[in-house]
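In each ligand, atom 1 is the first atom listed, and ligand 1 is the first ligand listed.
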Amino acid sequence: MSAEAPIKLTHNEDIKAAIPTLAGTIAATFNDPANDHFSDDDNQFLKFHGSYQQDDRDLRKTGKKYIMMIRGRIPGGVMTAKQWCVFDELATKYGNNTLRITTRQSIQFHGVVMSGLRPLVAKINESLLSTLAACGDVNRNVLAPPTPAYTKAREQVFADAHKVALALAPQTKAYHSIWIDGQQLDNDAAENKNFVDPLYGKTYLPRKFKIAFAIPPVNDLDIFTNCLGFIAIIENDKLVGYNLAVGGGLGRSHGNEATYPRLADVIGFFTPDKVVDVAKAVLTIHRDFGDRTDRKHARLKYVVAERGVKFMQDEVNQRASITLAPAKPYQFTTMQDLLGWRKAVDGSWFLGLFVNMGRVKDAQKTALRQVAEKFPNIEFRLSANQNVILANVSDADKAAITALLNAAAVKTENQASVLHAASMACPSLPTCGLGLAESERYLPGLIDRIEKICADLGLSSEEIIIRSTGCPNGCARPYIAEIAFVGKAPGRYQVWLGGNASGTRLNRLWKDVVKDPDMETEFRPVLTRFAKERNSGERFGDWCDRVLLSN
Ligand code: SRM
Ligand code: SF4
């Protein structure tokens, strides 16, 4: 009988097991002023604390300048006006004077140097928000519907999202010790060495874990791309329960067919009193069955794809002590934010503000800060489409906010063309270490070029959801867009086509490489055919799926 080969776990698993508080030597590194960067292992631990070590890739030719990215944990993207002021000030004082609204309803700071990192994180905590578990092998920022226009039940759904976010937060005391007390934990002390998180265990999850709540018919946070989705079922404006969706995720690698984007399966219905139990059940399935030997195969989506829906149903039933009922009927019809002034269901006003590529800067940043200072009772809500919603605005304040924003040249109506309004890009260069091509700095110009073609063809008012990422990881959720540009190399992009308006269909690879100068040559003939051949009212993504990609 031959002995079985020992299983080789990834290096991340080894370091989590060795320091289960996740303290690394982060505080010790801070406490030596000669340090300008962290070790590779500490860089892995830092992620759990909400921070990534990066270097400014625009400056690489002249040397390496270390900078940090810090991501907030902001459940459902809801902030008070006071918290917005704190974030605004921190971006100016310690970051690159921009606030980057992320595709998961959070805010990232870029360009922070080592000395600014600790004060920045401490101030976020003082404002009663956090950065713990914004990144790392844990549950990430929980998404919840931001728009107050549709149903009063949104409040209940948001409350559930908040409850789930709290219940799934890691319990390590290292976070407080490093960022608030400025102390390095003794990693050899028995209580730290033997620390076991009550939910995550000693080695946390094999990989990141993502949760979203959505209320049909609005899928403004792309629920099916999450590991775990709660689809709210609303009857007579009351939440009656959730359809459970499991196993979504988008990350893939060029040239590696074993990695792929996947939409979640809807596996049953349960009542809202069980929402935390179900969240813990799905998370611990990932904890127990996710692949810890290969980080490219470690997401929950591969467990669901390989073990199947019945396995997931049985495990959820057993772990949450429930019996999932058959999923209730639901339909999604849109993924987009409502821009401009609108009435909320409670009679107040809200303003959907377009943020180009999620980057709040310059006049828009200054004006939003003024709004936050002058109107302390309004809420700032971040959308998963990288926009900002000013909510809870009274009749009396609406005109004053409009005047203030307009005086700063920030539009409140007709803010962006249909194509720009429906677009998203990931940051990529110069901050993201994984970017293979430009994204945030490239997409606006490319959309202008596509718009020119659309105008020539009488398609000016046609909404087409266009997204770009600098690499195949999928941070701006390109694989459900109607057109997606996925970076391969500088100035070269894969083009994916055929997503739909509701985020319920994956698109498909159309061209493996299109070079930047060839974009018009490639797109004009396709858009010309679309204008001529489409059925009445048919969207570009639907036409691509039905005709172009099916020929
Ligand atoms: Fe992401 C890694 C930015 C949402 C899939 N993502 C990164 C890093 C941290 C790069 C790194 O590991 O060194 C990027 C930081 C760049 C920078 O300079 O800021 C980064 N991801 C972002 C953000 C800021 C993009 C944006 O335009 O807003 C989003 C932050 C969300 C948040 O607030 O938590 C962001 N990332 C996503 C999403 C979309 C989502 O979650 O809805 C995805 C696809 C969904 C999914 O997870 O499957 C996504 N990011 C990835 C992956 C691929 C994971 C995989 O399964 O293979 C990586 C790479 C990795 O984890 O190794 C990654
Ligand atoms: Fe970086 Fe790739 Fe994510 Fe863009 S998609 S932010 S390039 S990891």
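- Note that R154 lies in the cation-pi zone of F158, set by a 6.0 Å cut-off to the ring centre and a 45° limit from the axis.
- Taking every heavy atom of T431 and a limit of under 4.0 angstrom, the matching atoms of ligand 1 come to 17 (C), 18 (O).
- With a heavy-atom cut-off of 4.0 Å, K296 does not touch ligand 1 at all.
- In this structure, the ring of F350 has its center no less than 6.0 angstrom from the ring center of F380.
- Not less than 6.0 angstrom separates the ring centroid of F289 from the ring centroid of Y302.
- Contact annotation for E440 and ligand 1: no heavy atom of the residue comes within less than 4.0 Å of the ligand.
- With waters neither drawn nor counted, the protein N/O/S atoms under 2.8 Å from atom 1 (Fe) of ligand 2 amount to 1.
- Distances from atom 33 (O) of ligand 1 to the heavy atoms of I70, T102, D222 put T102 nearest.
- Numbered from 1 in the order shown, with element, the atoms of ligand 1 that lie under 4.0 Å from a heavy atom of R104 read 31 (C), 32 (C), 33 (O), 34 (O), 40 (C), 41 (O), 42 (O).
- Ring centroid separation for the pair F213 and Y242 comes in under the 6.0 Å cut-off.
- For ligand 1 and R207, the ligand atoms under 4.0 Å from any heavy atom of the residue are 60 (C), 61 (O), 62 (O).
- For ligand 1, the atoms closer than 4.0 angstrom to any heavy atom of P427 are 17 (C), 19 (O), 25 (C), 26 (C), 27 (O).
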